[in-house]
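Numbers for residues simply follow the sequence, beginning at 1.
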Amino acid sequence: MSRAPHRATVATSSAGAGRASAGAASGAVWREALGALVALALAVVALRHVVATERVSVLWYDGDSVLLPLVRRSLEAGQPFEWAMSPALFFFPELPVYLLCALVTATPQQALALNGVLVLLAVYALVRAAANELMPSAGRAARITVSAGALAFVTLLVLTESSPTTNSLELASLLLTTTYYYGVVLAMLGTAVLVLRAVRTGRASPTVLVVLGLVAACTTASNPMYVPWSAAPVVVTLALLALARRVPWRPAGLLVATLVVGSVVGYLLRVPLRPFVSLDPSSYLHPDRAAASLRFFAALTDDRAGTAAGDAGLLLLFAGVLVAVGGTVWAWRVRTSRTVLVATALPLVTVVALSVGVVVTGQDAARYLQPIATVPLLAVVAVAELARTAVRRTRVHRPRRGLATAVAVAAGVVLVTGVAVTPSTAGAVAAARYAPTACLERWADGRTVTGVGQFWTVRPLAAYATPNVHLLQVRDTFDAYPWLVDLGAYRDASPTFVVVGSRDLWTTAVEDSLGAPATITHCTGFDVYDYAGTAGAEVLRRDVVGSADAIRRERGF
């Protein structure tokens with residue numbers, strides 16, 4: 001009898017502990033949900049800006065951006081999967097993600113918009129995972145706040161970008177597109193998270209190594225840009241820090257070996273995928289053009305600095321690099337945790353490697369610098385941890401309460417802004433139509449017709465026209481142009497019209513090559529030359545279809 005009260009006390013304590021545990025779990029869920037909502041609001045704000053400016057042409061109507069809508073259209077039409085891609089194949093993760101987006105949306109514009117939002121949310125999720133590794137002793141709220149702040153940095157960059165060209169230093173908004181290498185960017189951040197995990201624990205667990213190897217192999221097989229953007233900088237960073245005895249040799253060596261093996265496996269996987277590759281990556285190496293490349297990027301910088309928004313964008317990019325530099329120096333001098341040092345040094349190595357690499361290899365495409373807009377996010381989180389531990393050591397608590405208030409206000413502003421712009425953003429996306437297709441569809445008048453045209457003119461028309469209108473891309477010689485196109489669409493095709501864009505360059509006038517068309521229909525931005533029933537139609541069939549047959553045989557389809 002005397003023990004009954006004791007048992008009751010124990011039971012009461014256990015119940016209280018259970019309620020406290022459940023309350024803590026519930027609080028954690030709510031905090032994570034709030035962080036995800038802030039990230040979603042930031043993604044919607046970024047999307048709204050792109051949709052409301054000329055940058056929307058890069059998102060929806062650029063010749064490269066419509067690739068995945070064209071793939072889905074080809075699949076729906078039941079055409080043979082005989083795609084001629086670039087060195088980037090977009091098989092992982094871009095194609096499956098887009099197809100899933102297309103399943104739950106009604107138009108290609110809606111699918112592309114949803115895809116862009118999901119990419120920004122994935123960036124937040126990966127940065128949030130990095131925060132867990134870099135700030136293990138910090139509270140959950142601090143880690144969520146820093147992660148959301150990192151995504152806010154990307155959103156601010158997007159808000160400075162509004163031009164309709166892809167070849168500029170407007171790099172952050174390319175994340176919202178499906179064909180400007182967002183898959184490699186996400187793999188780069190994912191790789192960093194796995195590396196930080198191994199460095200923090202001091203051991204490369206089998207799970208980490210297997211996942212890292214799969215990421216390296218699958219991403220490299222789909223897009224070899226993973227090697228210069230992620231694998232090589234990680235290898236260099238770990239090697240340097242291991243030599244300096246700031247990172248243990250064993251986990252560093254295992255990580256390096258896994259990345260090397262994974263990348264090699266990825267390249268080997270590209271061998272059976274070779275029929276889909278239009279150019280070998282080595283064809284992009286032009287060291288003799290290094291001086292011209294340097295002048296090109298200097299000119300891009302001058303162009304970007306021509307407006308207030310451009311200046312702000314450049315300052316933000318510079319701030320990101322400065323955080324990586326300052327964070328590396330700070331982490332090195334205070335001999336802080338090795339994960340923080342890796343997280344600051346890796347972005348610095350990546351930025352330097354890419355900046356030098358694009359010049360040395362003679363590049364003239366700004367998209368190869370895209371990681372400069374995202375990899376500093378790791379340094380942002382690392383520097384936040386450095387600042388947090390420095391303040392904690394000084395035992396200064398009042399500023400932390402003020403900071404908490406400021407963070408709450410900022411989160412509220414972001415959420416209110418996101419809610420405010422969501423209806424107009426959703427409406428703009430839902431109502432989006434590619435106006436030039438209307439004229440072409442009126443001309444077709446419900447007939448099933450096949451035509452040809454040059455890359456930049458016909459690709460958006462091909463992606464957004466009704467299914468009865470088929471368009472094949474050709475060179476100015478009317479040979480098939482095997483670049484980001486399904487060669488299966490050319491099989492037994494009977495093209496009877498030519499779309500002549502106002503900005504097309506034809507070495508020989510269309511009428512000189514095919515003769516006079518039966519009719520010419522004028523549309524905004526292009527003309528439709530109808531050769532149905534003329535000798536020109538036979539020339540089209542012979543040259544276009546015949547050249548495509550030869551290309552397919554050469555590729556082994």
Side-chain angles (χ1 to χ4, degrees), residues 40 42-77 90 93-122 155 158-159 161-166 170 172-183 418 421-442 455-471 473 484-486 499 501 523-526:
L40 178 59
L42 289 169
V44 171
V45 169
L47 176 64
R48 178 56 186 167
H49 172 78
V50 171
V51 170
T53 64
E54 291 183 318
R55 198 69 177 163
V56 71
S57 64
V58 176
L59 177 65
W60 284 338
Y61 307 121
D62 177 73
D64 293 333
S65 298
V66 297
L67 169 62
L68 298 188
L70 286 173
V71 173
R72 182 172 187 257
R73 185 180 175 113
S74 175
L75 292 173
E76 290 178 339
F90 306 106
E94 293 89 349
L95 181 55
V97 172
Y98 176 80
L99 292 178
L100 289 174
C101 291
L103 280 177
V104 297
T105 52
T107 66
Q109 290 98 328
Q110 294 173 27
L112 291 169
L114 175 59
N115 198 312
V117 170
L118 291 179
V119 171
L120 291 184
L121 290 178
T155 302
V158 172
L159 295 180
E161 302 174 0
S162 57
S163 78
T165 178
T166 59
E170 296 176 318
S173 53
L174 295 181
L175 272 175
L176 278 79
T177 69
T178 56
T179 47
Y180 286 102
Y181 314 145
Y182 84 76
V421 303
T422 294
S424 59
T425 305
V429 172
R433 297 293 183 273
Y434 188 55
T437 60
C439 180
L440 182 60
E441 290 163 0
R442 283 196 301 270
F455 184 92
W456 297 109
T457 299
V458 301
R459 286 180 68 81
L461 290 172
Y464 292 104
T466 52
N468 61 295
V469 178
H470 306 282
L471 288 164
Q473 65 189 42
L484 305 180
V485 68
D486 188 3
V499 174
C523 299
T524 303
F526 63 92

Please list every donor-acceptor pair under 3.5 Å in which a side-chain atom of residues 56-64 meets a protein atom from a residue at least two apart or in another chain.
{"residue": "Ser57", "atom": "OG", "partner": "Glu54", "partner atom": "O", "Å": "3.0"}
{"residue": "Trp60", "atom": "NE1", "partner": "Gln109", "partner atom": "O", "Å": "3.0"}
{"residue": "Tyr61", "atom": "OH", "partner": "Gln109", "partner atom": "NE2", "Å": "3.2"}
{"residue": "Asp62", "atom": "OD2", "partner": "Asp64", "partner atom": "N", "Å": "3.0"}
{"residue": "Asp62", "atom": "OD2", "partner": "Ser65", "partner atom": "N", "Å": "3.4"}
{"residue": "Asp62", "atom": "OD2", "partner": "Tyr180", "partner atom": "OH", "Å": "2.8"}
{"residue": "Asp64", "atom": "OD2", "partner": "Tyr180", "partner atom": "OH", "Å": "3.1"}

Next on the checklist: Side chains of Asn115 and Thr178: any donor to acceptor distance under 3.5 Å?
Outcome noted: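 Looking only at side-chain atoms, Asn115 and Thr178 do not form any donor-acceptor pair under 3.5 Å.
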
Checklist entry - Is it the case that Thr105 and Gln110 place a side-chain donor and acceptor less than 3.5 Å from each other? => result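 No, no side-chain donor-acceptor contact under 3.5 Å.
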
Which heavy atom in [X] sits nearest to a heavy atom in [Y], and how many Å separate them?
| X | Y | value |
| --- | --- | --- |
| Ser173 | Val50 | CB-CG2, 4.3 Å |
| His49 | Val158 | CD2-O, 3.1 Å |
| Gly418 | Thr422 | O-OG1, 2.5 Å |

With a 4.5 Å heavy-atom cut-off, do [X] and [Y] have their side chains touching?
| X | Y | value |
| --- | --- | --- |
| Leu70 | Asp486 | no |
| Leu176 | Val119 | no |
| Val66 | Tyr464 | yes |
| Val44 | Leu47 | no |
| Leu42 | Leu120 | no |

Checklist entry - When rounded to the nearest 0.5 angstrom, what is the spacing between CG in Leu118 and CG in Leu100? => result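 It comes to 9.5 Å.
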
Counting only pairs under 3.5 Å, give me each side-chain donor-acceptor contact of residues 428-442, with atom names and distances, residues two or more places apart or in other chains.
{"residue": "Arg433", "atom": "NH1", "partner": "Ala430", "partner atom": "O", "Å": "3.1"}
{"residue": "Thr437", "atom": "OG1", "partner": "Tyr434", "partner atom": "O", "Å": "2.7"}
{"residue": "Glu441", "atom": "OE2", "partner": "Thr466", "partner atom": "N", "Å": "3.0"}

Item to check | Short side-chain to backbone donor-acceptor contact, Arg55 and Pro164, under 3.5 Å | outcome: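 Side chain of Arg55 to backbone of Pro164, a donor-acceptor pair under 3.5 Å: no, none is there.
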
Checklist entry - Ignoring hydrogens and geometry, is there a side-chain-to-backbone donor-acceptor pair from Gln473 to Arg459 under 3.5 Å? => result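 The answer is no, because no donor-acceptor pair under 3.5 Å joins these two groups.
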
Checklist entry - Sequence neighbours excluded, which residues qualify as side chain to side chain contact (heavy atoms under 4.5 Å, CB included) partners of Ala102? => result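 Partners of Ala102 by the side chain to side chain contact (heavy atoms under 4.5 Å, CB included) criterion, ordered by chain and then number, come out as Arg72, Tyr98, Ala111.
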
